[in-house]
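Below is one structure, written out as structure tokens, with a few remarks after it.
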Amino acid sequence: MKNAAALVPAFCLVGSLCLPARAQHYEPTWDSLDARPIPAWFTEARFGIFIHWGVYSVPAWRPLSERRYASYAEWYYASVIGDSLHGGDAFHRRVYGDDFAYRDFGPLFGAELFDPDQWADLFARSGARYVVLTSKHHDGYCLWPTRSPYKRDWNSSAVGPHRDLVGDLSAAVRRAGLWMGLYYSLIEWESSWTHRRPSGYYLDRETVETYRIPEEDYVTGHVLPQLRELVTTYQPALIFSDGGECDGSEEYWHTREFLAWLYNEAPNRHEVVVNDRWARGMPGRHGDYYSSEYQDTEAVGVGHAWEESRGMGGSYGFNRAEGIDDYRTSAELIRELVDVVSRGGNLLLNVGPTADGRIPVIQQQRLLDIGAWLEVNGDAIYGTRAWSGSAEQERDATGPYFTRKGDDLYVIVFGWPREAVRITGLTAGKPFALDMLGLETPVEHRWSGDLLLLEPPDISPADVPCEYAFTFRLSGILAGSR
């Protein structure tokens, strides 16, 4: 395994985005852990790629629903096979038969067309700065050759691809100059520790009894060793924990003790960031950043680093039930990115590859459209933060949205502006330089009292610098402001 410095992307070798000014020891208390400064690479990055890929990518199906979370195809095991209450298992019986168990999908998860360098190149071209792969979802299947005795026959080296998917993609992503992170589900539906509903287990008791991990071994003999194994072997720059917030206290999961080890002793301790889903009661209170999903424009994590994740459609895992109308357009996804970043967050946009290892073409097209937009407007996204004056502004369907970087203010509007863009709350008459990103044509402005009006240049449609949204840059306008 390479040393930690060799795993840092080229744009961070100077250390300014990840290394602390001095070493600090963290105690397993929230007062101590919460005092750790978040490594700057995360809030500089602003845009990442989530990947939900596993055995569930073989059936790749769940009925569509307008209810949030109800179309997640990665929940096939629990919500199709295991959900007789809503008739979801009728699809499974019709297509695969009564005697076809979920684990029978394992050998069919072949990943025979998986090209990690091709994926990494696509992610780099999308303008993303980091990638987060599901190393293990709630079905318990591991995408690496784990040493856990309970997963000896339920991992990608033993069944299915017969390769280390986590290792292969991690190496490719880092070669592409991006940060690599891992999602890890603390809970497993097959385990003796599992969610309970009024109707009982998500899965039938016979399945749970067949594959369960003894309760006394589940955390200390399985979960914690796997987490340390992932950290020491792959040194992820981000760990997206999931499921602990649903049930299980921080004492049950040994959350504070694990994070203290991670921050003090792990080989990736200077760059690693973690979310807030490690234990019940933790979301929105503890963690390097707060995580939300499919929250869209709702305010999340004000005053603290946060990240919104979502799929391009209604699912994370690839869902064959989705058609073109179920996918967000490129314009809608770029608006989501702009909105989230304008409120100080990161966007983690998901791709759901097929079982044979292809990223669906429509998902590739969306990523390349975002990348083309960021190539022109990335200065208004990367390394920016929210502008405190945003709340005072009037906004319609076209915006404007605002981000800030140092003394510069960025004003993003959707569709070429047909009239002056109006901004309040700035110091009238303060000198500043004005331009539009990607355009050399001069941009005019005027003051009307305390109101600043930005006049869009009169250019032909063929000369617009990009599609979807356009950015005014007001260089130096915020000098002296906080």
Side-chain angles (χ1 to χ4, degrees), residues 11 17 40-49 124-130 297 305-308 330-349 366-393 395-417 420-426 432-443 445 452-457 459 463-479 481:
F11 57 77
L17 297 185
W41 77 261
F42 180 77
T43 51
E44 293 281 326
R46 291 306 182 201
F47 179 42
I49 301 296
R125 293 166 65 191
S126 78
R129 293 291 174 86
Y130 62 106
T297 58
W306 63 279
E307 175 189 75
E308 161 74 357
S330 297
E332 289 172 329
L333 292 173
I334 290 170
R335 184 186 294 270
E336 181 100 4
L337 172 64
V338 170
D339 174 67
V340 167
V341 174
S342 74
R343 293 185 286 119
N346 288 20
L347 177 63
L348 186 64
L349 182 62
R366 296 293 193 262
L367 292 183
L368 293 178
D369 281 353
I370 296 171
W373 186 83
L374 283 169
E375 189 172 353
V376 174
N377 298 278
D379 199 42
I381 299 296
Y382 305 124
T384 63
R385 57 188 178 93
W387 177 47
S388 59
S390 294
E392 305 172 19
Q393 312 303 316
R395 180 185 297 169
D396 59 24
T398 66
Y401 295 86
F402 300 88
T403 62
R404 173 180 184 169
K405 185 185 296 180
D407 295 337
D408 299 344
L409 180 67
Y410 297 89
V411 183
I412 304 171
V413 293
F414 282 79
W416 189 259
V421 177
R422 303 159 61 91
I423 308 174
T424 60
L426 298 171
F432 65 96
L434 176 63
D435 68 332
M436 291 190 76
L437 298 185
L439 192 66
E440 295 182 359
T441 305
V443 183
H445 72 277
L452 176 61
L453 296 102
L454 309 181
E455 300 287 352
I459 61 175
D463 293 328
V464 296
C466 59
E467 293 186 87
Y468 311 119
F470 308 90
T471 304
F472 294 90
R473 175 170 51 194
L474 288 65
S475 300
I477 190 69
L478 300 179
S481 66

Side-chain heavy-atom pair [X], [Y] within 4.5 angstrom cut-off:
X: L347; Y: V341; result: no
X: L426; Y: L478; result: yes
X: N377; Y: V338; result: no
X: Q393; Y: I423; result: yes

Could you list the donor-acceptor pairs under 3.5 angstrom formed between side-chain atoms of residues 369-376 and any protein atom two or more places apart in sequence or on another chain?
unit_1	atom_1	unit_2	atom_2	d
D369	OD2	S330	OG	2.7
D369	OD2	Q365	NE2	2.4
D369	OD2	Y468	OH	3.3
W373	NE1	A469	O	2.9

field: ring pair (Phe, Tyr, Trp, His ring centres under 6.0 Å) against F470, all qualifying residues, sequence neighbours excluded
entry: W416
field: All ring pair (Phe, Tyr, Trp, His ring centres under 6.0 Å) counterparts of Y130, not counting sequence neighbours
entry: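 Scan of Y130 (ring pair (Phe, Tyr, Trp, His ring centres under 6.0 Å), adjacent residues dropped) gives W41, F42.
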query: Do the side chain of K405 and the main chain of G383 share a donor and acceptor less than 3.5 angstrom apart?
result: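 Here the side-chain-to-backbone pair does not exist.
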For [X], what residues pass the side chain to side chain contact (heavy atoms under 4.5 Å, CB included) criterion, not counting sequence neighbours?
X: A420; result: L453, E455
X: R335; result: Y401, F414
X: S126; result: F47, I49, A128, L367

task: Evaluate whether atom CZ of R422 has more than 12 neighbouring non-hydrogen atoms of other residues, nucleotides or ligands under 6.0 angstrom away.
output: no
message: With a 6.0 Å cut-off (strictly less than), is the heavy-atom count around CD of E392, excluding the residue itself, greater than 12?
response: yes
- request: Please report the C-alpha distance between F432 and H445 in whole Å, then the side-chain angles of each, then the deciding distance to 0.1 Å, and finally whether the ring-ring contact (aromatic ring centres under 6.0 Å, His included) criterion is met.
  value: CA-CA 10 Å; F432 65 96; H445 72 277; 4.6 Å; yes
- prompt: Going by an N to O cut-off under 4.0 Å, is there a salt bridge joining R473 and D408?
  reply: no
